[in-house]
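Just so it is clear, the values below take in all heavy atoms, side chains as well, and ignore hydrogens, waters and symmetry mates.
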Amino acid sequence: MEQIQRKLAEYTASLYNEKILDEQFIQLQQLQDESNPDFVVEVVSLFFEDSERLLNELAKALNQTNVDFKKLDAHVHQLKGSSSSIGAQRVQRVCISFRNYCDDRNVEGCLKCLQQVKIEYTLVKNKLETLFKLEKQFVDAGGSFPVV
């Protein structure tokens, strides 16, 4: 159990050190308690669903002959907000650049940001799924949260 706890602590620290997550994720974790032990997983799962829908909408919007930058910006704004709410810092940062390209009506810049946001989203998704697996192993081994 000690080994699992150490692995979990090191992995969690790496998510902050690599700036994949920020303090917002800690605040989200603090909202979880015995009465709602799956709160974080549920919120993050909704983020995954919403993000995938938004990424598809962004791709569709950028595929149009005449790009509707206002609509595009609204989708990016939504993705920025949801990534911010779970602490997905790197996704949020790309969205800031993406919105600047929307303001400039720069299709090429928007396409580059779309690729980058997909990369960052996939990274945060994989990292959080791994974190949740490690947390489950810890709990299944008899551990309990919060881990200090």
Taking only residues at least two apart or on different chains, which pairs with a member in residues 51-63 satisfy salt bridge (Lys or Arg N to Asp or Glu O under 4.0 Å)? D50-R53, E52-K125, E57-K60
OG1-CG distance between T12 and N17, expressed to the nearest 0.5 angstrom: 10.5 Å
May I have the step-by-step check of side-chain contact (heavy atoms from CB on, under 4.5 Å) for Y101 and V76, ending in yes or no? CA-CA 11 Å; Y101 283 117; V76 177; over 6 Å; no
Do Q29 and E135 have side-chain heavy atoms sitting under 4.5 Å apart? yes
Distance-only, no hydrogens or angles: does the E120 side chain make a donor-acceptor pair with backbone N or O of R90 under 3.5 Å? no
Between R99 and H77, what is the shortest heavy-atom contact and its length? NH1-ND1, 2.9 Å
Straight-line distance of N106 CG to F98 CZ, nearest 0.5 Å: 10.5 Å
Would you give the length of the straight line joining atom CD of Q92 to atom CD of Q89, rounded to the nearest 0.5 angstrom? 7.5 Å
Presence of salt bridge, K133 and E129, under 4.0 angstrom: no
Less than 4.0 Å between a side-chain N and a carboxylate O, is that true for E10 and R6? no
Linked, directly or transitively: L54 and L114 (ILVMFWY side chains, under 4.5 Å): yes
Rounded distance (nearest 0.5 Å) linking atom CG of L58 with atom CG of N63: 11.5 Å
Closest non-hydrogen atoms of A88 and F47, given as atom of the first, atom of the second and distance, are CB-CZ, 4.3 Å
Nearest heavy-atom pair of Q32 and N36: which atoms, and what distance? CG-O, 3.3 Å
For residues L128 and I86, determine if any side-chain heavy atom of one lies less than 4.5 Å from a side-chain heavy atom of the other. yes
Could you check whether any side-chain N or O of S84 sits under 3.5 Å from a backbone N or O of K80, counting only pairs where one atom can act as donor and the other as acceptor? no
Heavy atoms only: give me the nearest F69-C110 pair and the separation to one decimal. CE2-SG, 4.1 Å
Say whether, by atom type as modelled, one donor and one acceptor occur between the side chain of Y11 and the main chain of K127 under 3.5 angstrom. yes
What residues form a side-chain hydrogen bond (donor to acceptor under 3.5 Å, both in side chains) with D140, not counting sequence neighbours? K136
Pairwise side-chain contact, Y16 with I26, heavy-atom cut-off 4.5 Å (strictly under): yes
For a side-chain contact (heavy atoms from CB on, under 4.5 Å) check, start with the C-alpha distance between V91 and L123, then their side-chain angles and the critical distance, and finish with the verdict. CA-CA 9 Å; V91 173; L123 177 68; over 6 Å; no
Please round to the nearest 0.5 Å and tell me the distance separating atom CG of L62 and atom CG of L72. 4.5 Å
Tell me whether F39 shares a hydrophobic cluster with F25, the cluster being built from Ile, Leu, Val, Met, Phe, Trp, Tyr side chains joined at under 4.5 Å. yes
Nearest atoms (heavy-atom pairs only) where L28 meets V40: O-CG2, 3.8 Å
What orientation do Y121 and F48 show, parallel under 30°, tilted 30 to 60°, or perpendicular over 60°? perpendicular
Spacing of Q3 atom CD and M1 atom CE [to the nearest 0.5 Å]: 12.5 Å
Heavy-atom closest contact (A141 atom, I4 atom, distance): CB-CD1, 3.9 Å
Just so I know, are the side chains of L15 and V124 near enough to count as touching, which here means a heavy-atom distance under 4.5 Å? no
Mind checking whether L46 and L31 sit in one hydrophobic cluster, side chains of I, L, V, M, F, W, Y counted as touching below 4.5 Å? no
